[in-house]
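All residue numbers in this chain count up from 1 along the given sequence.
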Amino acid sequence: MTIADARPESDAAIPRSPWVRVCTLTDLEPERGRAALVGGTQIALFLTHERRVHAVSNYDPYSGAHVISRGIVGTRQDAPTVASPMYKQVFDLRTGSCLDTQGKEPRTLAVWPVAVQDGDVYVRSEELT
């Protein structure tokens, strides 16, 4: 499957609300983050080599900076991950859970549902604050 062929997990049509179009799939590069502002909230989008798009908060809960989209993408076992560029905590892109706290208290990233339809990337807006 090519990037342009990526589809949401269900074939159901995406309603225009509560979903918000964020970008096109071709705006994303595999294993590189992209920041977007949706409803006043900074999110970080990641396209994995498996052609899955993940949306997490761009806010790093350890440093207090909006830098997660600049993190290093990788995997831990089967989990796609991003490591914060600040203090190197590693987060699961599917759940937002911190897999490596670097000795700090566990914190999480907010995660939003993502769908891809007709080459456009949508994030569920009702869950954004």
Side-chain angles (χ1 to χ4, degrees):
M1 169 166 58
T2 65
I3 293 173
D5 293 331
R7 296 282 184 244
E9 292 195 20
S10 85
D11 290 328
I14 298 171
R16 293 298 169 217
S17 179
W19 295 90
V20 172
R21 182 188 171 282
V22 179
C23 63
T24 65
L25 193 59
T26 57
D27 290 331
L28 303 177
E29 296 176 59
E31 307 297 317
R32 291 193 178 260
R34 291 287 189 261
L37 186 62
V38 180
T41 300
Q42 286 192 36
I43 64 172
L45 295 168
F46 296 92
L47 174 65
T48 65
H49 284 300
E50 291 75 29
R51 308 302 188 244
R52 296 282 181 210
V53 179
H54 299 276
V56 298
S57 175
N58 197 36
Y59 180 79
D60 179 349
Y62 292 96
S63 71
H66 289 89
V67 294
I68 294 297
S69 64
R70 302 282 185 169
I72 300 167
V73 178
T75 57
R76 285 269 170 100
Q77 297 171 347
D78 291 335
T81 61
V82 63
S84 169
M86 298 298 285
Y87 301 124
K88 311 304 184 229
Q89 283 83 8
V90 177
F91 298 91
D92 184 328
L93 288 173
R94 301 169 305 178
T95 65
S97 298
C98 189
L99 303 176
D100 187 348
T101 64
Q102 299 292 321
K104 307 274 185 181
E105 290 294 316
R107 297 182 184 172
T108 60
L109 297 176
V111 176
W112 292 278
V114 176
V116 178
Q117 184 177 35
D118 299 327
D120 290 322
V121 177
Y122 294 85
V123 174
R124 194 169 176 99
S125 65
E126 68 187 13
E127 298 177 26
L128 290 165
T129 56

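With hydrogens and angles ignored, the 3.5 Å screen pairs no side-chain donor or acceptor of N58 with any backbone N or O of Q42. Remark: the backbone N or O of G33 is not paired with any side-chain donor or acceptor of S69 at under 3.5 angstrom.
With contacts defined as side-chain heavy-atom distances shorter than 4.5 Å, the pair L109/P61 qualifies. The shortest side-chain heavy-atom distance between W112 and S57 falls under the 4.5 Å cut-off. Considering only heavy atoms from C-beta on, D100 comes within 4.5 Å of R76 through its side chain. F91 places none of its side-chain heavy atoms less than 4.5 Å from the side chain of V56. Counting heavy atoms from C-beta outward, V121 and V114 have side chains that approach closer than 4.5 Å. Taking 4.5 Å as the limit, some side-chain heavy atom of I68 sits within range of a side-chain heavy atom of S84.
Not a single side-chain contact (heavy atoms from CB on, under 4.5 Å) links T75 to another residue, sequence neighbours left out. Scanning for side-chain contact (heavy atoms from CB on, under 4.5 Å) contacts around Y87 gives Y62, S63, Q89, with sequence neighbours left out. For E31, there are no salt bridge (Lys or Arg N to Asp or Glu O under 4.0 Å) partners at least two apart in sequence or on another chain. With sequence neighbours excluded, the residues satisfying ring-ring contact (aromatic ring centres under 6.0 Å, His included) with H66 are Y59. Residues forming a side-chain contact (heavy atoms from CB on, under 4.5 Å) with R32 (at least two apart in sequence, or on another chain): E29, R34. Residues satisfying the side-chain contact (heavy atoms from CB on, under 4.5 Å) test with R70, not counting sequence neighbours, are P85.
Nearest heavy atoms, V20 versus S125: CG2-CB, 3.0 Å.
Residues V90 and V67 fall into different hydrophobic clusters, defined by Ile, Leu, Val, Met, Phe, Trp and Tyr side chains chained together at heavy-atom separations under 4.5 Å. Note on L45 and V38: same hydrophobic cluster, where clusters join Ile, Leu, Val, Met, Phe, Trp and Tyr whose side-chain heavy atoms are under 4.5 Å apart, directly or indirectly. In the hydrophobic cluster analysis, where Ile, Leu, Val, Met, Phe, Trp and Tyr join through side-chain heavy atoms closer than 4.5 angstrom, V111 is grouped together with V73.
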Please assess D120 against T24 for the test side chain to side chain contact (heavy atoms under 4.5 Å, CB included), listing each intermediate value before the final yes or no.
CA-CA 4 Å; D120 290 322; T24 65; 3.6 Å; yes
Verdict with supporting geometry, C98 and T108, side chain to side chain contact (heavy atoms under 4.5 Å, CB included)
CA-CA 6 Å; C98 189; T108 60; 5.9 Å; no
